[in-house]
Amino acid sequence: MNTSPQVLVIYTGGTIGMVNDPQTGSLTAFDFGDVYKHIPELGRLNVELTTHAFPHPIDSSEMNPEWWKEMAELVYSGYHQFDGFVILHGSDTMAFSASALSFMLQGLKKPVIFTGSQLPIGTIRTDGKENLITAIEIAAAKDESGNPRIQEVAIYFEYSLYRGNRTSKVSASSFEAFRSPNLRPLAVAGVHIDYTGETFATSGDLELFTDFDASVGLIKFFPGINWEIYASIFDVKKAKAIILETYGSGNAPSDQRFHELLLEYLRSGGIVLNITQCSTGRVEQGKYETSSFFEKNGILSGYDLTSEAAVTKMMYALGKSAGNPVLAKEILERSICGEVTL
Ligand code: ASP
């Protein structure tokens, strides 16, 4: 009887799956069925791998909620067959996808590990081999009682495992491309993999919800922001919710035009969520005069949400509440899967 853990590796695209085409000299996606040819070390892992490649691998800039749905459905349909899942994904939007899947797959009790690389797997100095091999080990890892070590959606990159919905891409060139600024890593890989971080597990069965609503606007503040340029966004028929990326602990200028637009938008049923541009720390509405307007007028605090988690949580809340803003706000005020410190 085969007792090796079973891991499903889903290849969506991105740099990791590229090799140099000797004919053209440019990088092209390799046939993922040939993965053992490129990483023979995989054959030495005590893990039984099944691979599934998207028919047309994408650069992750092309990512959208339809692709998230496809990934989540693959995990859901293989949930009882596999011990864990690895999703190979371009690093550019990996933090959005990992956040999205954490909301789509609630009640998860098995690992879903995103990874990718800065250099293609077919190049000599690639970071892709280590990332993939360790991501598979983590996806297969069990504790002394036989329970999966990780029971959530996470990102493994350059020796660190992060909670997916706490993570941002911070470097376009360093191998250490990701950070989880407000939560320490779930695990660190050295000679051994140290699972020392806070882990997340829920009670209840796995539930799949993929009906995201992307009618979300995101405005990043900067000194001199001209509200006439943004005025058309404040229309619930276009954007059911707006996320404001404000300064510091949630502060914004007390601009008359901005306040008018905001109040009218709120009156017509729009939802507004306040997150900070800072990568560490949190929104504290009312701490300064410049954020007390938000506090008094029902703007929701995003506390320490990353913008990736805020956008995907908003899409989830709008979809789940099916047009009921009261319900959507209730969802936004809770921690759904460890994405926020309340
Ligand atoms: N542009 C690539 C992508 O995100 C970069 C990468 O894979 O790291 O698909």
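When a ligand or atom number is given, it counts from 1 through the structure's own listing order.
Considering all non-hydrogen atoms of both residues, Val236 and Ser268 come closest at CG2-O, 3.5 Å.
Assignment of Ser61 to the shell around ligand 1 is not supported, since no heavy atom sits closer than 4.0 Å.
Checking only distances, Asp92 does come within under 3.5 Å of ligand 1, N or O to N or O. Every N/O-N/O distance between Lys169 and ligand 1 stays at or above 3.5 Å. At least one N/O-N/O distance between Ser60 and ligand 1 falls below 3.5 Å. Any N or O atom pair closer than 3.5 Å counts here, and Thr93 shares no such pair with ligand 1.
Taking the six-membered ring where the residue is Trp, Trp67 and Phe54 present parallel rings, their angle staying beneath 30° rather than reaching 60°. Using the six-membered ring where Trp is involved, Phe221 and Phe258 have ring planes that are perpendicular, over 60° apart on the 30 and 60° scheme.
The closest side-chain donor-acceptor pair between Arg179 and Thr306, if any, does not fall under 3.5 angstrom. For the 3.5 Å distance criterion, the side chains of Asp92 and Ser60 fail to qualify, holding no donor opposite an acceptor. Defined by atom type and a distance below 3.5 Å, a donor-acceptor pair is missing between the side-chain atoms of Tyr303 and Glu339.
When each atom of ligand 1 is checked for a heavy atom of Gly14 under 4.0 Å away, the hits are 7 (O), 9 (O).
Nearest non-hydrogen protein atom to atom 6 (C) of ligand 1 is Thr15 OG1, 3.0 Å.
In Ala177, neither the side chain nor the backbone holds a heavy atom less than 4.0 Å from any atom of ligand 1.
Note that Lys110 lies outside the cation-pi zone of Phe82, set by a 6.0 Å cut-off to the ring centre and a 45° limit from the axis.
Comparing Gly128, Ser91, Gly90 against atom 8 (O) of ligand 1, the shortest heavy-atom distance belongs to Ser91.
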